[in-house]
Every structure is written in C-alpha cells, then in structure tokens.
Amino acid sequence: MPDVPPLPAPPPALLAEIATQSARPVAGELHRLCAEARARFGDTLVALLFYGSCLRSGNPGEGLVDLYAIVDDYSRASPSRLLRLANAWLPPNILLLRTRMADGRLLQAKCAVLSLADLERGTARWFQSYLWGRFAQPSRLVYCRNAQSERRIQEALARAVLTLLGQALPCQEPRFDSESLWRRALALSYGCELRPESADRPARLVRHDREHYRCLTRAAASALAGLEAIAGEADLYRNRLPAAACRQGRRRWRLRRLQGRLLNLARLAKASFTFELGVDYVVWKLQRHLGQPVEVSPRLRRHPLIFGWPLLWRLLRERRLH
C-alpha cells in the first residue's frame, strides 16, 4: 500500500502538549518493569513507553501492562536471528516482562519491541494505522536514554496525532467539535484491527481524556489542511476538504480496514512462535475476542502454525459479524 502523504513539522504547541502529557508521573510499579526492560535490552534500549488500559486505570497491577520498548535497531535487541528477522519483517515482536513486587504480587507486561526508525516511519508515513492509531492516544515516557532521543520520541507522538486526524478528516461532517472528531478517528483506527471492544469504546476513551484531546485538536489544527477552526468558537471546526478528497479518503479507509485485519492475523500467527508463551497469549487474545473458552490441544501447542489457522479463521468470521 502507498504511504500517507508527507506531514508538515508538528507545531510547537502540539509538541508542548505531547511533552507535558508524556512526562506525567506513573505508578511506582512501572519503574520495576523499566528495570526489567533495561536488563533485557541493555544499551540498545532507547525508550520505554507505557500506554493502554492500565495507564487509564492508574493501576498497573490489575492486568497485563502494555509497554513499547523502543530500541536502536533489531540486530542487537534479540539473540535470535529468527526473532530479529520477524521483528524487521512485521514489527513489533512481543515479549513478556515479569517482576515480583515487595508484597509478592506478580507484575506482568506485554512488551512490544520497535526500532526508533520504525516508530518514526510508522507514526508519519505508514498506510496502516497500527502505530499512528495507537500513539495518537495518551502514553507515558517511563524511560528515555537522553534528551535527543526524548525529542525524537515526542516528535513521533506528535506526528501520530497529525496523521490520525489528517486521515480521519475526510470522514467528518462539515462541522464538528474535538470530541466527535476523535471519536470518529479512533473508531476508524479500531475498525482496522481485530478487537473485542464494544462499539462505544472510542467514545469512552475520548471522554476519559476529553480535555487532552481538545488541547491536541487546537494545537494540531494549523498543520492540517482542510481543518479550520471556527472564529469565535472555543471548540468548533469546519471540514474544508473538497468532496473529491473526502471520497478518496473514505476509499483509503476501506483499503486500510482490509489490510489492517490481514496484518492483524499475520501478527497473531507470528506471535505463536516469536512470543514467549506465544500459544497461551494468542489463545487468551482469542478468548477475549470470542467471549468463550478456547481449547488448546497438544498438537496445537506443538505446531501452532499448522493447527492454529482454524482458530484464526473463526476469529475473523466472528469479527465480521460485529
């Protein structure tokens, strides 16, 4: 698929909002996971980003923490040549980080491994929304190696915002506020993946961080062609894109939806042999999607790439019905 059009430099106000949001403090448990990541990746670790449901709840101990380990390159991030190739071919790879708390509780994280170069390309140029759809949402920079890397990470997060809003604008009404813009944008991005969330999930996400999304929209508006702030209104915008551009943008989302779901299946298949406890992870994910237990036969555990396809087909069929 073609890349999205080149983006302008993020406006200073957008970078400032991203810097403020990403630097907010996190629960102390995250620092223990950070230590595990630094021990795992050594000096190739550039940054560690925390996002997802545990960030929103403020309690990393209540589920599986979502982390992104940003590395210099894949060649030093894993001792296995197979894992390095898989990470370069279809990033990110997923691994499990575990640490014990002082009170004996087990803290676990699903840690995605991504190079800094892929983060920068994926948030600004990739056709698929896999990265820019994620990183336009709030995240925390738990660790960063130096000020230069921090700046590059913040610029990538800002470009994710510009990419998501710019790609979603063709699907907007002629007039809208920031909340409806982000609800639509996140719904489009989520629709490109095999997710178990309910239809009102984007609305709940936006309500959770309404003021942050309002600030992002205001800060990004000047850099987005076709998005016009209505004079005299605090949070109202116009869609100034020509009708032909809107039709083309909607067609791109239809292609992106098909591509994204196929890539999601490919990532699930890849996880079955690249992710530690990969079969257990994929089955857990399938159970979340399907809402019912999934039996793990001995032959599925031994040969997931051969006997796992019926489960993946079932997942795709069920997702089509929602």
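Start at 1 with the first residue, then count along the sequence. Below, each value reflects all heavy atoms present in this structure, side chains not excepted, and no hydrogens, waters or symmetry copies.
Distance CG/Leu90 to CG/Leu263: 6.0 Å, rounded to 0.5 Å. With rounding to the nearest 0.5 angstrom, the CD1 atom of Ile230 is 7.5 Å from the CD atom of Glu228. Between the CG atom in Leu116 and the CZ atom in Arg145 there is a gap of 8.5 Å [rounded to 0.5 Å].
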What verdict does the salt bridge (charged side-chain N to carboxylate O under 4.0 Å, His left out) test give for Glu193 and Arg134, after you've listed the backbone C-alpha separation in whole Å, the side-chain angles of each residue and the deciding distance to 0.1 Å? CA-CA 11 Å; Glu193 298 188 31; Arg134 274 168 174 73; 2.7 Å; yes
Set out, in order, the CA-CA distance, both residues' side-chain angles and the distance that settles side chain to side chain contact (heavy atoms under 4.5 Å, CB included) for Val71 and Arg76, then state yes or no. CA-CA 9 Å; Val71 298; Arg76 295 192 296 138; over 6 Å; no
Run the numbers on Arg125 and Arg159 for side chain to side chain contact (heavy atoms under 4.5 Å, CB included), then give the verdict. CA-CA 9 Å; Arg125 300 301 308 276; Arg159 286 193 172 92; over 6 Å; no
One pair to check against side chain to side chain contact (heavy atoms under 4.5 Å, CB included): Thr217 and Asp177. What are the steps and the verdict? CA-CA 9 Å; Thr217 309; Asp177 60 11; over 6 Å; no
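Under a 3.5 Å cut-off, the side chain of Arg32 and the backbone N or O of Arg100 do form a donor-acceptor pair. The backbone N or O of Asp200 lies less than 3.5 Å from no partner atom in the side chain of Arg183, so there is not a single donor-acceptor pair. Within the 3.5 Å criterion, the main-chain N or O of Gln21 finds a donor-acceptor partner in the side chain of Arg140. At least one donor-acceptor pair closer than 3.5 Å links the side chain of Arg84 to the backbone N or O of Ser78. At least one donor-acceptor pair closer than 3.5 Å links the side chain of Gln137 to the backbone N or O of Gly133. Proximity of a side-chain donor or acceptor of Thr20 to a complementary backbone N or O of Ala16 within less than 3.5 Å is detected. No donor-acceptor pair under 3.5 Å is formed between the side chain of Arg184 and the backbone N or O of Ala168. In this structure a side-chain-to-backbone donor-acceptor pair under 3.5 Å is missing from Tyr130 to Gly260.
Nearest heavy atoms, Leu55 versus Pro138: CD2-O, 3.6 Å. For the pair Leu162 and Ala220, the tightest heavy-atom approach, listed with the atom from each and the gap, is CD2-CB, 3.7 Å. Closest approach of Ala136 to Leu216, counting heavy atoms only: O-CD1, 4.1 Å. Smallest separation of non-hydrogen atoms from Ser115 and Asp72: CB-O, 4.3 Å. Considering all non-hydrogen atoms of both residues, Ala124 and Thr163 come closest at CA-OG1, 3.7 Å. Heavy atoms only, all atoms of each residue included: Ala158 and Leu14 are closest at O-CD2, 3.6 Å.
In summary, of the residues considered (Val26, Leu97, Leu48), a side-chain contact (heavy atoms from CB on, under 4.5 Å) with Leu33 occurs for Leu97 alone.
The closest side-chain donor-acceptor pair between Tyr74 and Asn93, if any, does not fall under 3.5 angstrom.
Using a 4.5 Å cut-off on side-chain heavy atoms (C-beta onward), Leu227 and Gln172 make no contact.
Between Tyr237 and Phe176, the ring planes lie parallel to each other; the angle is under 30°, not in the 30° to 60° tilted range.
The side-chain tip of Arg252 does not point at the ring of Phe127 from less than 6.0 angstrom away and within 45° of straight on. The side-chain tip of Arg250 does not point at the ring of Trp253 from less than 6.0 angstrom away and within 45° of straight on.
Cluster annotation: Tyr190 is connected to Leu188 through the hydrophobic network of ILVMFWY side chains, with a link wherever side-chain heavy atoms come within less than 4.5 Å.
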